[in-house]
Asker: 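First, the structure itself, so that you have it in front of you.
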Protein chains: 2
Amino acid sequence: MATDPARWTRQRSSIQEALEEARAFLSAQELHALLGRRGVRIGLTTVYRNLQALVERGEVDCVRTADGEIVYRKCRTVQHHHHLVCSNCGLSVELKNEELERWARRIARRHGFSEVSHELELFGLCRACSPRR
Amino acid sequence: MATDPARWTRQRSSIQEALEEARAFLSAQELHALLGRRGVRIGLTTVYRNLQALVERGEVDCVRTADGEIVYRKCRTVQHHHHLVCSNCGLSVELKNEELERWARRIARRHGFSEVSHELELFGLCRACSPRR
DNA sequence: GTTAGTGCAAATGATTTGCAAACAG
DNA sequence: CTGTTTGCAAATCATTTGCACTAAC
């Protein structure tokens, strides 16, 4: 399924590498800044385009935050899952809930909806980002 | 809790009225167009500002669609709930799921996250918007 | 060589803000 | 009257696109 890109570029590798290491959701801008700090010369446009391609290929997950920014993460779990995301640092945990999936299907059927997909993300503060202690 | 606005304007009433009737989620732009069609002269800015105020006051719910647009709806259910939304026409059904709420709290605790909120929306095609039959 | 991939600059599009004029109480 | 609300125009801001240039293969 995962159609590989036609050419292997320096920029492409650094993006993949950074995503591989990241334990958090990152916006395209953050990723671009991160790479810049590491000394990788890469255009913001290229970051956007590659992330988009990775999402389309299903290799990266993306979520839209409350303020409308799109954040990306390379997940270990390939199948459908959800996330518990730290609003402060982006740290995230992958979640599965079969019960929820069944419920969604049941609700959709009951109301005559078809092609129903669902989005569920939990946002909060991780231990490290919690105020006091 | 619901602090009322200081002054009652023609624009304010037409927005409230339109929301009251709507059975669907509408974007600020759509609402503005709808009012225009009805012959209400109102600025787009005013629509944005009023919707925002209504959301802050908790009188209106808003959801961000996949393409980043914010859509608004006056819900019957005052407490926390979720939605099944038609991606085509915006028609929506209010949903409650206590089981899910418990699950979310449990997961948050288990991973040491605090102040966890969650967003869950189901998107699909309602009966009327489904292709064929 | 070809042409996918890059990156700058400019465009987009929803939303927000500055500010002077309009009008509710 | 007095301060709130309005609405235009201009500003934001993340993201996208046009296009000439660079580099993979």
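Hydrogens, waters and symmetry mates are skipped; everything else that's a heavy atom, side chains included, is used. Quick note on labels: first sequence line is chain A, next is B, and so on, each numbered from 1. Nothing here was measured: the structure is a model prediction, and the numbers come from that model.
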Asker: Could you state the CD-P distance from B:Glu69 to D:dT15, rounded to the nearest angstrom?
Answerer: 16 Å
Asker: Nearest-Å distance, CD1 (A:Ile42) to C1' (D:dA23)?
Answerer: 15 Å
Asker: Are any side-chain N or O atoms of A:Ser27 and backbone N or O atoms of A:Ile70, one a donor and one an acceptor, separated by less than 3.5 Å?
Answerer: no
Asker: For A:Phe123 together with A:His83, are the ring centres under 6.0 Å from each other?
Answerer: no
Asker: Rounded to the Å, how far apart are B:Arg64 CZ and D:dT15 C1'?
Answerer: 13 Å
Asker: Out of curiosity, B:His81 NE2 to B:Glu94 CD, how far, rounded to the nearest 0.5 Å?
Answerer: 4.0 Å
Asker: How would you give the extent of chain B contacts on DNA chain C, as first and last nucleotide 5' to 3' within a 4.0 Å heavy-atom cut-off?
Answerer: C:dA14 to C:dG25
Asker: Under 3.5 Å, side-chain donor or acceptor atoms of residues 97-105 of chain B against the rest of the protein: list the pairs with distances, not counting sequence neighbours.
Answerer:
residue, atom, partner, partner atom, Å
B:Asn97, OD1, B:Glu99, N, 3.0
B:Asn97, OD1, B:Leu100, N, 2.9
B:Glu99, OE1, B:Arg102, NH2, 3.2
B:Glu101, OE1, B:His80, NE2, 3.1
B:Glu101, OE1, B:His118, NE2, 3.0
B:Glu101, OE2, B:His80, NE2, 3.4
B:Glu101, OE2, B:His82, NE2, 3.2

Asker: Does B:Asp67 reach a base, just sugar-phosphate, or nothing at all? Heavy atoms under 4.0 Å.
Answerer: nothing
Asker: Between C1' on D:dA14 and CG on A:Leu31, what's the gap in Å once rounded to a whole number?
Answerer: 15 Å
Asker: Tell me, which pairs form a salt bridge (Lys or Arg N to Asp or Glu O under 4.0 Å) where one or both residues lie in residues 30-48 of chain A, sequence neighbours left out?
Answerer: A:Glu21-A:Arg38
Asker: For A:Leu44 and for B:Gln29, find the nucleotide of DNA chain C with the closest heavy atom, then tell me which residue's nucleotide is more 5'.
Answerer: A:Leu44
Asker: Under the criterion side-chain hydrogen bond (donor to acceptor under 3.5 Å, both in side chains), I'd like the reasoning laid out for A:Tyr48 against A:Gln29: C-alpha separation, chi angles, the key distance, then a yes or no.
Answerer: CA-CA 8 Å; A:Tyr48 272 109; A:Gln29 316 250 6; 3.0 Å; yes
Asker: Quick one: on DNA chain C, does A:Asn50 or B:Ser27 contact a more 5' nucleotide (nearest heavy atom)?
Answerer: A:Asn50
Asker: Calculate the interatomic distance between A:Arg49 atom CZ and D:dA14 atom P; express it in whole Å.
Answerer: 18 Å
Asker: Between P on D:dT5 and CG on B:Leu51, what's the gap in Å once rounded to a whole number?
Answerer: 15 Å
Asker: Could you tell me the separation between the CZ atom of A:Arg12 and the C1' atom of D:dA23, rounded to a whole number of Å?
Answerer: 12 Å
Asker: Do any side-chain nitrogens or oxygens of A:Tyr48 fall under 4.0 Å of OP1 or OP2 in D:dT16?
Answerer: no
Asker: Looking at A:Glu119, I want to see if its CD is surrounded by more than 12 non-hydrogen atoms of other residues, nucleotides or ligands under 6.0 Å.
Answerer: no
Asker: Pick base, sugar-phosphate or nothing for A:Thr45, based on heavy-atom distances below 4.0 Å to the nucleic acid.
Answerer: base
